[in-house]
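Presented below is the structure to which this report refers.
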Amino acid sequence: MKSEPTVRETLPEGLTPDRLREMYYCMVLTRTCDDRGFALNRQGKIPFAATCQGHEAIQVAAAFALRKGVDWLVPYYRDTCMALSFGVTPREQLMCLFARKDDIFSSGRQFPNHYSVPDRHIASISSIIAAHVTHAVGMALAHKMRKEDAVVLTSFGEGSTSEGEWHEAMNFAGIHKLPVVFLCENNEFAISVPQKMQMAVKNVADRAVAYGFPGVICDGTDPLASYTTVREAVERARSGGGPTLVEAKCYRAMSHTSDDNQLQYRTAEDIEASKKRDPVPRFEAWLTDRGYIDAGGILDMKARAQQEVDEATDWAEHQPMPTAEDLYTHVYAEGPLS
Amino acid sequence: MKSEPTVRETLPEGLTPDRLREMYYCMVLTRTCDDRGFALNRQGKIPFAATCQGHEAIQVAAAFALRKGVDWLVPYYRDTCMALSFGVTPREQLMCLFARKDDIFSSGRQFPNHYSVPDRHIASISSIIAAHVTHAVGMALAHKMRKEDAVVLTSFGEGSTSEGEWHEAMNFAGIHKLPVVFLCENNEFAISVPQKMQMAVKNVADRAVAYGFPGVICDGTDPLASYTTVREAVERARSGGGPTLVEAKCYRAMSHTSDDNQLQYRTAEDIEASKKRDPVPRFEAWLTDRGYIDAGGILDMKARAQQEVDEATDWAEHQPMPTAEDLYTHVYAEGPLS
Amino acid sequence: MAVKNLLEAVRETLHDALARDERVFIMGEDVGPRGNVFLITKDFVEEFGHDRVLDTPLAEASIVGVAIGAAMAGMRPIAEIQFADFIYPAYNQIVGEAAKMRYRTAGGNTCPLVIRTPYGGGVGGALSHSVSIEALFYHVPGLKILAPSTPADAKGLLNSAIADDDPVLFLEHKKTYRLIKGEVPPGEYKIPMGKADIARPGSDLSVITYGLMRHFATQAADELFKDGIDVEVVDLRSIRPMDRETIVKSATKTRRVLIVHEDNKFGGVGAEIAAIIAEEAMFELDAPIRRLCGPDVPAMGYSKAYEEAFMPSPERIAAAMRDLAAF
Amino acid sequence: MAVKNLLEAVRETLHDALARDERVFIMGEDVGPRGNVFLITKDFVEEFGHDRVLDTPLAEASIVGVAIGAAMAGMRPIAEIQFADFIYPAYNQIVGEAAKMRYRTAGGNTCPLVIRTPYGGGVGGALSHSVSIEALFYHVPGLKILAPSTPADAKGLLNSAIADDDPVLFLEHKKTYRLIKGEVPPGEYKIPMGKADIARPGSDLSVITYGLMRHFATQAADELFKDGIDVEVVDLRSIRPMDRETIVKSATKTRRVLIVHEDNKFGGVGAEIAAIIAEEAMFELDAPIRRLCGPDVPAMGYSKAYEEAFMPSPERIAAAMRDLAAF
Ligand SMILES: Cc1ncc(C[n+]2csc(CCOP(=O)(O)OP(=O)(O)O)c2C)c(N)n1
Ligand SMILES: Cc1ncc(C[n+]2csc(CCOP(=O)(O)OP(=O)(O)O)c2C)c(N)n1
Ligand SMILES: [Mg+2]
Ligand SMILES: [Mg+2]
């Protein structure tokens, strides 16, 4: 991110000062939710939390590069910011953290952050890495067959690209030039396994060659660069140009999840160094430098986020848990059978 | 293949006039076996036959580029010429066609051409496409761990590269720079599915980029070019340089197997055109032009092949079939259990 | 009514579904110009186009995974696995994904999807083209598994599967394709899933079976009838859901049960059938519950002797019936 | 003898195998510097090096496939699947390849290979980290499946698995890792596969079970003993091969059988147990064969209520025992 002021006209197409502020707010809101998850975990109120810290910029950018109500997201478990930027509310987020009965993603069945909001065009994942990527391709195939205008964006980590199913998804999409964007959020680790033990290439984007479509790289900690890159991929998909593999270079600030301790496999210095790239203060400074926002505006937004998340936490915590009977719903359309 | 005479010194390293004649003989022997299989099928003596016509040059070259007794082959079902060139005998070949009890590959359990001759360093495949490629990688890993000198060569068709497991095998081998050669015999069809419905790239070799090792192309109907290419890959593997993906451009002269009829999905002209590349008469002409062999020598070799295959056919046909009791052997080391 | 073999019944049903419902499409290896390796989709591509009769890459996980995504997006894909033996690479998509989709999203996402595949032996398919797979899937809640044995049932159940809102694994026994002929009702004929068929009513002994073995068992029963032994043959047709009621009723009526399937015995579908009876009707029986199944070896081999030794034959079924009747 | 929990017993066994036999190596996701997600291989990489404690790419089919190749080449790989739920992508390699390798080559190629994986619920693992997988594999000839429930058995069976010349699926119940402690014999202690353990002898009723449920059943049995009901608890330990003899003997002795497992009921391992008894000892029984199992829903969910409703508890087992004893 360059630091010299920029004039309004150079904003990437589709972005306005209002949208920039919205993006910033989504990042702040996400950070607040993220921190809340870990706080609740430490308090013993929820058994598990996961984080997207270090990924917020590419995630908000991806959501903003899509057309809500038209395009589809098939995100992965690290995409809190993408989900919140695409219409998931703090209440919904907290409901899944608390695993409440009325959690709309899974009724408290899946781990947190396994989004599924069909009416807002967010499709489900399981915890089985990379299994959702072929689904995104199938959705894009359906859109193409029906001659619809929708683009599907699906995301995954760099480790996920080792799975055979990932290859099959890429290959299928390439053959049929489907309207799909593959977004790799490369944070250099798959739990403890560093990228060099995961693949013999420097860039995940280099793998696109094998599938006959472009692979592009962006700084995933820079919302503007990320937006421009994803948007171009989305436009290519929408206009019949086929898939793109976008690799967003980002980093994982915290341990894999609340069950992990990254000091077992990473040095403290390495972790600290990566945190210097924190997208939230950097985007804040960028917006301030250019006069899109001022200190008061920032404080307001942070307060609003805090309030939203507080309210959502209190509300969600008091929602009912699933009961034993709820175990038996939604096995088949016609109920449980055997 | 150029047609001007070549002097002996320009033969690729490892090849001598004797070895060239041996290679030619392997090709002739294979063609004789191949034709015999289809003849037996038409006579109703065996229910099924498969063919390698159009693939002989790359196959013989691959076998000759390896060190017998040291290196390992993990071939696929189309590799009759590779197997016969690596030590499988016509009797063994006919025994598997007839599915006799003493068929050393599988005791008549698998379809023909599912080789397994551990003592001659040929490892087993099932009929499940691409499932053997990770095995080859595991064998190479074992050799590397034990600091042995052995290289593993495994082969597959271009269609097989669509399988997720193929990707995983390539990826693993690349990360650990294993002594393995991946040989793709690209005949442009997977049963009826043409290459362009299988992948969005022109060359399978282009896929190697994704795994951090070289992908090279050779004319798989030219034994010399194929030999040079594979040998270079084998030497790279042996000297610690890691894997190579070799793509041999060849063609499938006949239908996929005796159960298929390629006229359902290919024009007669297309089939006829591809047959012009028949490696056997072309290599014959090349050897003759350069004086490595003469008409008498060719006739002798063809007669010898015919005799070997006749003898093997008669012998194998009279070998005992498996019996009902044979169903129960080799379930576990200690016998059948349940 | 028209008499067709089972292959023709499947073909007609697929054809009519494509013609009737725009959401329906077929995807799989060699289903296009090749018309499927058994010629089930022959000429479809000319009539419906490449989009709706889609030749896929050689990659089973994506055949099912892409079908799941299309189903989630409102289509009604019919995915084909060329031979049941090649379904293993798609296991994750079927068991881990499709079967759990509705449940894991509490009804938010669903995948109405049919996976058709030919299974079973008796056609010289060797070790890797002969397997029975029902027992590898029937334990999985969220899936439905159908295994019709007559042309009419194939049509009736395939139509129900296509109309169903959940994933269905549809198993076609290869040996029945051309061997088994019968009348096939016209139109969008449907049979409810989860209902067994009394293939042959009888009073002395019940055979519970499905697939090709229905025919072998009926043949054996006709043989025994000459000797005054009246065997009832129950064809499950649907493996999951399973028709407990009919199983228990037949067992209670005849008081002797022989379970027959081609698949390996240990942990096969017959285990659950026996367990159901042992749970619900054990004291109604006059003899132990017997199972005549494929032996517990990995597969039948290529050589005819292996196939014959592996598969229950009408003769062996008849012998097992006589033995049980005499208990 | 040292008292260890089950996790420590597994850890010690793996450690000693690495130290003892150069052919042994461990491969899996996060087994290296991370020391496995449960810390089972903690510090191994420092002692044995990256080659022998190999962090693999995130790709289960290749974890098993590469292990198979290494085994074919004379090594003794111990492959880890991080959670049993992630074994589905490796299904082809396990069922289609490893299990059939010896058979398909008539003994030419073999793969002596252990696949370890943690399974089961009770630890808040949600829908995709809680599954039981034994019934998805136990039907497969050529495989062996072990599911020890005590630290000593874990060691004894893991050593036997490593020494075995065929592929073994080794299932470790997550909840037993730290919960279950016991004496562990020193050295290369081995237990033969295929032998059940009488966890608690009794005369009035037999519980046939395995895994975590062994402990819950024993607890329930102790409870019933206070009321004068003497329950025998049989822990299978080995699912395939299965100890028919001990099952039949116990059933014949107590004349009442309750089968207990955490895995879903329909088509679960309990089905085969029931079928064996119905085949061999039905007329020795005074009551129907009952099964208390996980219900037929796709999985237990994240929220505690789901887990509790799904898993058989000591209380529910005790109730089922009482009910059956009173039959
Ligand atoms: C099939 C499968 N294998 C293993 C796991 C365990 N697992 C969960 S997340 C993860 C690492 C994923 O790394 P990456 O794709 O880079 O995404 P990141 O978490 O770094 O964003 C692993 C190994 C899983 N969930 N599914
Ligand atoms: C997993 C799996 N899927 C499908 C098949 C059926 N099948 C056998 S050969 C083949 C085509 C293979 O094509 P390619 O890899 O190009 O090799 P070629 O036969 O052309 O040499 C197919 C689809 C199979 N054997 N295994
Ligand atoms: Mg990562
Ligand atoms: Mg090919």
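Throughout, a chain's letter reflects where its sequence line sits, starting with A, and its residues are numbered from 1.
Side-chain atoms of C:Arg237 come within 3.5 Å of backbone atoms of C:Lys195 as a donor-acceptor pair (strictly under, hydrogens ignored). D:Lys144 places no side-chain N or O within donor-acceptor distance of the main-chain N or O of D:Pro241, the cut-off being under 3.5 Å. C:Ser238 places no side-chain N or O within 3.5 Å of a backbone atom of C:Met193 that could act as its donor or acceptor partner. Between the C:Gln93 side chain and the C:Ser62 main chain, no donor and acceptor come within less than 3.5 Å of each other. The backbone N or O of C:Leu258 lies less than 3.5 Å from no partner atom in the side chain of C:Arg290, so there is not a single donor-acceptor pair. Of the possible donor and acceptor atoms, none in the side chain of D:Thr252 sits under 3.5 Å from a partner among the backbone N and O of D:Glu284.
For chain C, the nearby parts of D:Leu136 are the backbone and the side chain; heavy atoms of each come within less than 4.5 Å. Heavy atoms of D:Phe283 lying under 4.5 Å from chain C belong exclusively to its side chain. Residue contact with chain C, scored on non-hydrogen atoms closer than 4.5 Å, is absent for D:Ile273. For chain D, the nearby part of C:Leu127 is the side chain; its heavy atoms alone come within less than 4.5 Å. At a 4.5 Å heavy-atom cutoff, C:Ile133 makes no contact with chain D through either its backbone or its side chain. Heavy atoms closer than 4.5 Å to chain C are found in both the backbone and the side chain of D:Arg291. Only the side chain of D:Val140 comes within less than 4.5 Å of a heavy atom in chain C; its backbone stays farther off. Heavy atoms of C:Val257 lying under 4.5 Å from chain D are absent altogether.
Each of C:Leu143, C:Asp263, C:Ile276 has some count of heavy-atom pairs under 4.5 Å with chain D, and the biggest count is that of C:Asp263. Between chain D and the options C:Ala281, C:Pro295, C:Ala278, heavy-atom pairs under 4.5 Å are most frequent for C:Ala278. Chain D forms more heavy-atom pairs under 4.5 Å with one residue of C:Ser128, C:Pro288, C:Gly268 than with any other, namely C:Pro288. Counting heavy-atom pairs under 4.5 Å between each of C:Asn264, C:Ile259, C:Ile94, C:Leu285 and chain D puts C:Asn264 at the top. Top candidate by heavy-atom pairs under 4.5 Å with chain C, chosen from D:Phe137, D:Tyr88, D:Phe86, is D:Tyr88. When D:Gly142, D:Ala299, D:Ala274, D:Ala126 are compared by the number of non-hydrogen pairs under 4.5 Å with chain C, D:Ala299 comes out ahead. Counting heavy-atom pairs closer than 4.5 Å to chain D, the top-ranked of the candidates C:Met282, C:Lys265, C:His139 is C:His139. Note on C:Ala275, C:Ala61, C:Gly270: by heavy-atom pairs under 4.5 Å with chain D, the leading option is C:Ala275.
Between C:Tyr119 and C:His173, the gap from one ring centroid to the other is short of 6.0 Å.
Looking only at atom types and distance, the side chain of C:His261 has no donor-acceptor partner in the side chain of C:Glu134 under 3.5 Å away. Remark: the D:Ser250 side chain and the D:Glu232 side chain contain an N/O donor-acceptor pair separated by less than 3.5 Å.
Between D:Arg240 and D:Glu272 no salt bridge is recorded (no basic side-chain N to carboxylate O distance below 4.0 Å).
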